[in-house]
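In what follows, a single structure is set out as structure tokens and then discussed.
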Amino acid sequence: MAWFEENPDLLQRELHALEAAGLSCTVDESARQDEHLLRLEVSGTIEGDTHTWMCAFPDAYPYFPPFVTGPDRGYRYHHHPDTGQYCLLRDGDGGWKPSMTLAQLLREQWPKFLAAQRASSSSEATPALEVQQAEPWTQYLQYEDSRQSVLWDATLEPPESESAGFIEGVPLGKYNGFKWLALVRSDLGGQHVAGRDLGEVAREIYAAGREETIPWVRLASAPGGTDPAAWWEEAARAWEVVRPAVMAGKKKSGGAVTQLLVTFPEEVGHRELGWGWVLVRAQRRGKPKTIPPTFQRVVRVGPDDLARRAPALAPIQDRRVLVAGLGGLGSQIVRLLAQTSPAELVLWDPDVVEADTAVRWAGALAMDGVPKAVALAHDVLDTQAHTRLELLGARVGHTRGSMGQQANSVGDQHGDLVRRLPDLDLVVDATANRSVQHYLSVQARDHGVAYMRADAQYGVWSGLVGLQRPGGEVCWMCWMHHVNDQTIPTLLSDPDGEIQPPGCGAPTYVGTAFDLAPIAAESVRMATSYLTETGEADRHPFDVMTLRLRDHDGRLTVPTWEGHELERHPACPNHG
Ligand SMILES: [Zn+2]
């Protein structure tokens, strides 16, 4: 039953309010009876002019406002070029309250809508109507398939003095080629001027196709309307103008073009113009036949673009981090860290994912039998395309060469680590293995690299995150002594927390991903703090943080973090 059938008083209230406001209205009776929809044609005089609005009420009325549409009388703002909808409320429907009526909406907001059209600058625009937001033209365009997009990178943005050129990129087979990753910008002569190489791991994980070049052109203004054919015509004409320069440069793509990346002025901030992008195609990828032109979205996913939502993390784009131990905790740390787009992640774990670890390892079923480092490389690159990856699978501490009867294929994992350490900024150790921790903490210290340890006790009753700074006073060995001394309080552990499930070659522990999550989050908070710190003022205050989730009897407690500022331990042999 429609809202106005269920609640006839509400409809009466609307109609009375319109009448009282001096607005006349006609109910669309066929919509009302056949479709149970309320549509009104409303007319009235506001600010000396007579207007007519077509108003449609949503099924969820009055929780959401009516849609108000009408003709374009040269409105520059708040009018959808295709649907004709007038945007009368701040933030779309954010200013709407169920106690309001259509009459009130028109009487109060229409004058503000008209005022916004007259305002020429941000400061003049009526704040009562407008949120301080841009109205990019690209949001009005109809795209052929929303899954298809050009993954754009702001670092490829050409200077305004240039009017055309080429973008080289690759279709990503992993996503059926729907995503096209822009990598390099070259000038009309085919000379590379900006860009990067995808890297071996990403090329493989993405199943990147052959490099492909798409020409781009700059238009002085957005072609009127949202018809892709009109855009294509104008963009192709602009391309014809620069084509002689391409021919002179003997670039192969001097011939006919079937797709063009188009940049044009559009709002990038509130009433602030910048350059928008869209791909217009007159041919399907890999098919010879031309088609009516279509739009394809261009999405901004370069490191600068991604840093806009967390500007303080921007320095991490230049940082390199190794994560050792990619189990329940390490995998979460990698995923969270990857979302900050570091320059490089070295992922190190000798094991494969096992489907029966689902309670701790997200995606365990899909990745069963795949090396953990490879599985996480997929997660990293499914999230962003900036981070360069190196995957290490050697088991640390094994002996190379033949021992007794059995030959082994252990690589020089110590050499691999020592080779990588000098250009790393941080080693995150989530192995929860005391020998590995000791080894990695010493190697990191010897090479002047920060070392971080993150682990949980059985049952995830408690956890620990610690940062050993390069050249710092306190080291991993100091922490161990402080734990023995109880300067760091005892980390509680489930006495029945070690188990060996059927078919499992080694004992494992009881614990869940959701209990590990706060430890992973704190590890990444501490890691990103260290990686972005500029001096004493914004330096993370603690060496070690401990988390308690349960009490001595295993009962849930309020999760409690404790920070420990530690001194060098007198018994530690590492400080001569
Ligand atoms: Zn020490």
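As the structure lists them, so they are numbered: ligands from 1, and atoms in each ligand from 1.
In His575, the N, O or S atom that comes nearest to the Zn ion (ligand 1) is NE2.
Arg335 approaches Ala362 most closely through the heavy-atom pair NH2-O, 3.1 Å.
Ionic pairing of Glu354 and Arg360 is not present here: no N-O contact between side-chain nitrogen and carboxylate oxygen is shorter than 4.0 angstrom.
Here Cys475 reaches the Zn ion (ligand 1): one of its N/O/S atoms is less than 2.8 Å from the metal.
Side-chain N/O atoms of Asp145 and Gln296 include no donor and acceptor closer than 3.5 Å.
Rounding to 10 degrees gives 110° for the angle at the Zn ion (ligand 1) between SG of Cys572 and SG of Cys478.
The neighbour count for Arg434 CZ, taken as heavy atoms of other residues, nucleotides or ligands under 6.0 Å away, does not exceed 12.
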